[in-house]
**Q** 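Submitted below is the structure of interest, expressed as structure tokens.
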Amino acid sequence: MATLTMAKALNDGLRAAMERDPKVIIMGEDVGKLGGVFRITDGLQKDFGEQRVLDTPLSESGIIGTAVGLAIRGFRPVCEIQFDGFVFPGFDQIVSQLAKVHFRTQGKVTMPVVVRIPFGGGIGAVEHHSESPESLFAHVAGLKVVACSNPSDAYWMIQQAVASDDPVIFFEPKRRYWEKAEVDPGAEPPPLFSSRVLRTGASVTVASYGPMVRTCLDAAAAAVADGVDLEVIDLRSLSPLDLDPVFDSVRRTGRLVVVSEAPSESSVTAEVAARVQQQCFYSLEAPVLRVTGFDTPYPPSKCEDDYLPDLDRVLDAVDRALAW
């Protein structure tokens, strides 16, 4: 058992995957000598060499296109996109090639490619550095989409993603990189494409993923003073969605609040709300409520505290659900 930051847990997870399989290759802008802008790949080029940790040109389309070719040749590329908003030059390669090859070849060719994307706000960055584009990828058939929220999940989920024969878009909440928690390398990890109940409760179900999970747990701790008992669920996998634990919870609590940083329209939170309404209609005591970012471009950093959901907005939604 060790106490690690999420950044260190990801680094250790990547190291374990590379030690396990010599076909695992890390590639991206500044991932080698620099160790990545967030130092997630720090020391890996030194230990595994320039043939397995590749510094690429500033070309996201080139990174993804090369990864597709490497995967066809039997490698397992792990691509780093420096910031969320930088992924769009490679969007064509992801949705038109990476997501389609397995289907196009009738299963003869697999695409074991991981695309790592630091996402979300909270770090005071400039435009294109704080986006939440997960819904765009979750909508694409042929892609798996996951988001870690804590160091233990980061350590295990990155290894599971690398081992998957399907392409995985791996979202990392950049503002949580430096938060610490215990990681047990000897533990039995939960399946990659599954959600987890992190806190049991009886009053309201709160479901989230990525950077907002910590905010929801903090809201649950604060709600205790008012006699409100929140059940907090980390979705973890955004495509496929594992909603059975959410359904079970809502059938007990009768209320659901879904939280994310991404804008609300046509989002993961919208899908969760729709599915819960279909499956748990007669159990609901209130409408499913959502707490999200606003349907605007991400604001300048001085305004991001007003844009991002916080503890107070989560608790306000809980109060509205209970008052229905």
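For this chain, numbers begin at 1 and follow the sequence in order.
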**Q** Just verifying a value: how many Å separate Arg176 CZ and Ser149 OG, rounded to the nearest 0.5 Å?
**A**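 Those atoms lie 9.0 Å apart.
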
**Q** Answer yes or no for Arg236 and Phe170: cation-pi contact, defined as NZ/CZ to six-membered ring centre under 6.0 Å and angle to ring axis within 45°.
**A**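 No - Arg236 does not lie over the ring of Phe170 by the 6.0 Å and 45° rule.
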
**Q** Quick check: do Val140 and Leu143 have side-chain heavy atoms less than 4.5 Å from each other?
**A**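 Yes; the side chains approach each other to less than 4.5 Å.
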
**Q** Checking Arg313 side chain against Thr292 main chain: does a donor-acceptor pair fall under 3.5 Å?
**A**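 Present.
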
**Q** Determine whether Val232 and Ser208 satisfy the following criterion, side-chain contact (heavy atoms from CB on, under 4.5 Å), listing intermediate values before the conclusion.
**A** CA-CA 8 Å; Val232 179; Ser208 187; over 6 Å; no

**Q** May I have all residue pairs that pass salt bridge (charged side-chain N to carboxylate O under 4.0 Å, His left out) and include part of residues 68-94, sequence neighbours excluded?
**A**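 Found Asp21-Arg76, Arg76-Asp165, Glu80-Arg116, Asp84-Lys174.
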
**Q** Between Leu315 and Leu256, is there a shared hydrophobic cluster once you connect ILVMFWY residues whose side-chain heavy atoms come closer than 4.5 Å?
**A**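 Different clusters: Leu315 never reaches Leu256 through Ile, Leu, Val, Met, Phe, Trp or Tyr contacts under 4.5 Å.
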
**Q** Distance from Leu238 atom CG to Glu134 atom CD, nearest 0.5 Å?
**A**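 Reported value, rounded in 0.5 Å steps: 6.5 Å.
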
**Q** Is Leu235 reachable from Met157 through a run of I, L, V, M, F, W or Y residues, each pair having side-chain heavy atoms under 4.5 Å apart?
**A**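 Yes; Leu235 is reachable from Met157 via cluster members.
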
**Q** Look only at the side chain of Ser203 and the backbone of Asp229, and say whether a donor-acceptor pair between them is shorter than 3.5 Å.
**A**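 Judged by distance alone, yes, a pair lies under 3.5 Å.
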
**Q** Would the distance check show the side chain of Asp295 and the main-chain N or O of Ser264 forming a donor-acceptor pair, the cut-off being under 3.5 Å?
**A**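 Yes.
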
**Q** Tell me whether the rings of Phe119 and Tyr209 are parallel (<30°), tilted (30 to 60°) or perpendicular (>60°).
**A**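 Plane angle under 30°, so parallel.
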
**Q** If you count every heavy atom of other residues, nucleotides or ligands that lies below 6.0 Å from Gln277 atom CD, does the total exceed 12?
**A**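 For Gln277, atom CD is crowded (more than 12 foreign heavy atoms under 6.0 Å).
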
**Q** Taking atom OG of Ser96 and atom CD1 of Ile64, what is their separation to the nearest 0.5 Å?
**A**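 It is 12.5 Å, given to the nearest 0.5 Å.
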
**Q** Quick check: closest heavy atoms across Ser135 and Ser267, and the distance to 0.1 Å?
**A**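 Looking at all heavy atoms of both residues, the closest pair is OG-CA, 3.3 Å.
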
**Q** Using modelled atom types only, decide if a donor and an acceptor are shared between the side chain of Gln160 and the backbone of Pro190 within a distance under 3.5 Å.
**A**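 The answer is yes, because a donor-acceptor pair under 3.5 Å joins these two groups.
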
**Q** Within a strict 4.5 Å, meaning less than it, do heavy atoms of the Tyr307 and Thr296 side chains meet?
**A**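 A side-chain contact under 4.5 Å exists here.
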
**Q** For the OH atom of Tyr177 and the CD1 atom of Ile123, what is their distance to the nearest 0.5 Å?
**A**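 Reported to 0.5 Å precision, the distance equals 9.5 Å.
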
**Q** Using a 4.5 Å cut-off on heavy atoms from C-beta on, say whether the side chain of Leu289 contacts that of Arg320.
**A**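 When only atoms from C-beta onward are counted, Leu289 and Arg320 do touch, with a gap below 4.5 Å.
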
**Q** I'd like to know whether CH2 of Trp178 has more than 12 heavy-atom contacts from other residues, nucleotides or ligands below 6.0 angstrom.
**A**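 Yes.
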
**Q** Check Ser61 against Pro89 and note the closest heavy-atom contact, atom names and distance.
**A**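 In this case the closest contact between Ser61 and Pro89 is CB-O, 3.3 Å.
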
**Q** Between Glu304 and Arg175, is there a salt bridge with N-O shorter than 4.0 Å?
**A**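 No, Arg175 and Glu304 are not salt-bridged.
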
**Q** Contact between Ile94 and Ile169 at the side-chain level, heavy atoms closer than 4.5 Å - yes or no?
**A**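 Answer yes - side chains close enough.
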
**Q** Do Gln45 and Arg52 have side-chain atoms, one donor and one acceptor, less than 3.5 Å apart?
**A**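 Judged by distance alone, the side chains do not pair up.
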
**Q** Checking salt bridge (Lys or Arg N to Asp or Glu O under 4.0 Å) between Glu231 and each of Arg199, Arg251, Arg255, Arg252, which is the one that passes?
**A**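 Single pass found, and it is Arg252.
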
**Q** Would you mind reporting whether Val246 and Val276 have side-chain heavy atoms less than 4.5 Å apart?
**A**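 Heavy-atom side-chain distance check passes, below 4.5 Å.
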
**Q** Are the side chains of Val31 and Val53 in touch, meaning some heavy atoms are under 4.5 Å apart?
**A**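 Heavy-atom side-chain distance check passes, below 4.5 Å.
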
**Q** Under a single-linkage definition using a 4.5 Å side-chain heavy-atom cutoff for Ile, Leu, Val, Met, Phe, Trp and Tyr, are Val291 and Leu284 assigned to the same hydrophobic cluster?
**A**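 In one cluster: no.
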
**Q** Tell me the closest heavy-atom pair linking Leu136 and Phe88, and the distance in Å.
**A**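 So the two residues come closest at CD1-CE2, 3.6 Å.
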
**Q** Under a 3.5 Å distance rule, please check whether Thr269 uses its side chain to pair with a backbone N or O of Arg290 as donor and acceptor.
**A**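 No, Thr269 side chain to Arg290 backbone: no donor-acceptor pair under 3.5 Å.
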
**Q** Under the side chain to side chain contact (heavy atoms under 4.5 Å, CB included) test, which residues partner Thr253, sequence neighbours left out?
**A**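 Counting only residues at least two positions away or on another chain, Thr253 forms a side chain to side chain contact (heavy atoms under 4.5 Å, CB included) with Thr205, Ser249.
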
**Q** For the residue pair Pro133 and Glu131, establish whether any side-chain heavy-atom pair is separated by less than 4.5 Å.
**A**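 In short, these two side chains touch, coming nearer than 4.5 Å.
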
**Q** Checking side-chain hydrogen bond (donor to acceptor under 3.5 Å, both in side chains) against Ser195, which of Asp242, Asp234, Asp244 comes through?
**A**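 Single side-chain hydrogen bond (donor to acceptor under 3.5 Å, both in side chains) partner of Ser195 among Asp242, Asp234, Asp244: Asp242.
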
**Q** Looking at Val146, is its backbone amide N or carbonyl O close enough to the side chain of Ser237 to form a donor-acceptor pair, meaning the two atoms are under 3.5 Å apart?
**A**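 Between the backbone of Val146 and the side chain of Ser237 there is no qualifying donor-acceptor contact (under 3.5 Å).
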
**Q** Answer with yes or no whether the side chains of Glu127 and Tyr298 bring together a donor and an acceptor at under 3.5 Å.
**A**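 No.
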
**Q** Does Leu54 form a side-chain contact (heavy atoms from CB on, under 4.5 Å) with Ile25? I'd like the steps, not just the answer.
**A** CA-CA 8 Å; Leu54 290 71; Ile25 294 176; 3.4 Å; yes

**Q** Give, for atom CG of Asp42 and atom CG of Leu10, the distance between the pair rounded to the nearest 0.5 Å.
**A**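 Interatomic distance, Asp42 CG to Leu10 CG, rounded to 0.5 Å: 13.0 Å.
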
**Q** Please determine, by modelled atom types, if Asp166 and Thr110 share a side-chain donor-acceptor pair under 3.5 angstrom.
**A**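 There is no such pair (donor and acceptor under 3.5 Å, judged by atom type) between the side chains of Asp166 and Thr110.
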
**Q** Looking at every non-hydrogen atom in both residues, tell me the closest pair between Arg196 and Asp153 and how far apart they are.
**A**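 Heavy-atom minimum between the residues: NH1-OD1, 3.4 Å.
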
**Q** Taking Thr41 for its side chain and Leu44 for its backbone only, find out whether a donor-acceptor pair lies under 3.5 Å.
**A**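 Side chain of Thr41 to backbone of Leu44: no pair is present.
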
**Q** Would you name the heavy atoms of Gln159 and Ala16 that are closest together and state the gap between them?
**A**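 Minimum heavy-atom contact is OE1-CB, 3.5 Å.
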
**Q** Which heavy atom of Pro118 sits nearest to which heavy atom of Ile81, and what is that distance?
**A**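 Looks like CD-O, 2.9 Å.
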
**Q** Mind checking whether Phe83 and Phe86 have parallel, tilted or perpendicular rings, split at 30° and 60°?
**A**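 Ring orientation of Phe83 relative to Phe86: perpendicular.
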
**Q** Is there a side-chain contact between Val228 and Leu322 in this structure, where contact means two heavy atoms from C-beta onward sitting under 4.5 Å apart?
**A**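 Yes, side chains in contact.
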
**Q** Check the hydrophobic clustering (I, L, V, M, F, W, Y; side-chain heavy atoms under 4.5 Å; chains of links allowed) and say if Val288 and Met212 are grouped together.
**A**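 No.
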
**Q** Any side-chain to backbone donor/acceptor pair from Thr105 onto Val109? Under 3.5 Å, distance only.
**A**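 Yes: the side chain of Thr105 pairs with the backbone of Val109.
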
**Q** Go through Glu29 and Asp55 one step at a time and tell me if the side-chain contact (heavy atoms from CB on, under 4.5 Å) criterion holds.
**A** CA-CA 5 Å; Glu29 298 159 9; Asp55 281 317; over 6 Å; no

**Q** Under the 4.5 Å side-chain heavy-atom rule for ILVMFWY, direct or indirect, which residues accompany Val224?
**A**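 Direct or chained contacts put Val224 with none.
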
**Q** Answer yes if Ile158 and Trp156 sit in the same cluster of Ile, Leu, Val, Met, Phe, Trp and Tyr residues linked by side chain heavy atoms under 4.5 Å apart, and no otherwise.
**A**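 No.
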
**Q** Would you find a donor on one side and an acceptor on the other, under 3.5 Å apart, between the side chain of Thr56 and the backbone of Met27?
**A**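 Here the side-chain-to-backbone pair does not exist.
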
**Q** Main chain of Phe247, side chain of Gln279: is a donor-acceptor contact present, judged purely on distance under 3.5 Å?
**A**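 The answer is no, because no donor-acceptor pair under 3.5 Å joins these two groups.
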
**Q** To the nearest 0.5 Å, what is the distance between NZ (Lys8) and CZ (Arg39)?
**A**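 Those atoms lie 14.0 Å apart.
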
**Q** Do Glu179 and Met6 pass the side-chain contact (heavy atoms from CB on, under 4.5 Å) test, and can you show the C-alpha distance, the side-chain angles, and the key distance before you say yes or no?
**A** CA-CA 6 Å; Glu179 295 183 3; Met6 181 183 286; over 6 Å; no

